[in-house]
Amino acid sequence: MTQDEHRFQNGDQVRVRIACPGGNPRTPDYLRGKSGLITALRGVIDNPRDHRDAYPFMYTVEFGVAELFGGSSTDKVFAEIHEEWLEPFGD
């Protein structure tokens, strides 16, 4: 994939991987294994001070608070997550 290519589109249902060997450790534990909805495409981020290559494509993913923590809340949590941590919902 080139820097402009990405796997998901706005509106896609995704699940956050539980583990991503060699992946970006910044994905919060409370999101791992949870499903959400792609709401924005953020692109590729270059960070030459901390990372020798460009990071994988990044998305904003919307999660329901009830999905994350239980209960009946209709509030939402938004997180920016790299593509390597996401898989299509249902896979």
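None of these values were measured; they are calculated from a predicted model.
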Can you measure from NZ (Lys76) to OG1 (Thr39) and round to the nearest 0.5 angstrom?
-> 11.0 Å

Using atom types as modelled and distance alone, determine if a side-chain donor or acceptor of Asp12 lies under 3.5 Å from a backbone N or O of Ile38.
-> no

Return a table of donor-acceptor pairs under 3.5 angstrom between the side chains of residues 56-66 and protein atoms on other chains or two or more places apart.
| from | atom 1 | to | atom 2 | distance (Å) |
| --- | --- | --- | --- | --- |
| Tyr59 | OH | Arg7 | N | 3.1 |
| Tyr59 | OH | Phe8 | N | 3.1 |
| Tyr59 | OH | Glu83 | OE1 | 2.3 |
| Thr60 | OG1 | Arg42 | NE | 2.8 |
| Thr60 | OG1 | Arg42 | NH2 | 3.3 |

Taking only residues two or more places apart in sequence, or in another chain, which ones meet Tyr30 in a ring pair (Phe, Tyr, Trp, His ring centres under 6.0 Å)?
-> Phe69

Any side-chain heavy atom of Arg17 within less than 4.5 Å of one from Leu86?
-> no

Would you find a donor on one side and an acceptor on the other, under 3.5 Å apart, between the side chain of Arg15 and the backbone of Lys34?
-> no

CZ of Arg32 to CG of Leu68, rounded to nearest 0.5 Å, is 13.5 Å

Check step by step if side chain to side chain contact (heavy atoms under 4.5 Å, CB included) holds for Trp85 and Val16.
-> CA-CA 6 Å; Trp85 276 96; Val16 179; 4.3 Å; yes

When clusters are formed by joining ILVMFWY residues with side-chain heavy atoms under 4.5 Å apart, either directly or through shared neighbours, do Leu37 and Leu31 land in the same one?
-> no

Does the side chain of Pro88 come within less than 4.5 Å of Gln13's, by heavy atoms?
-> no

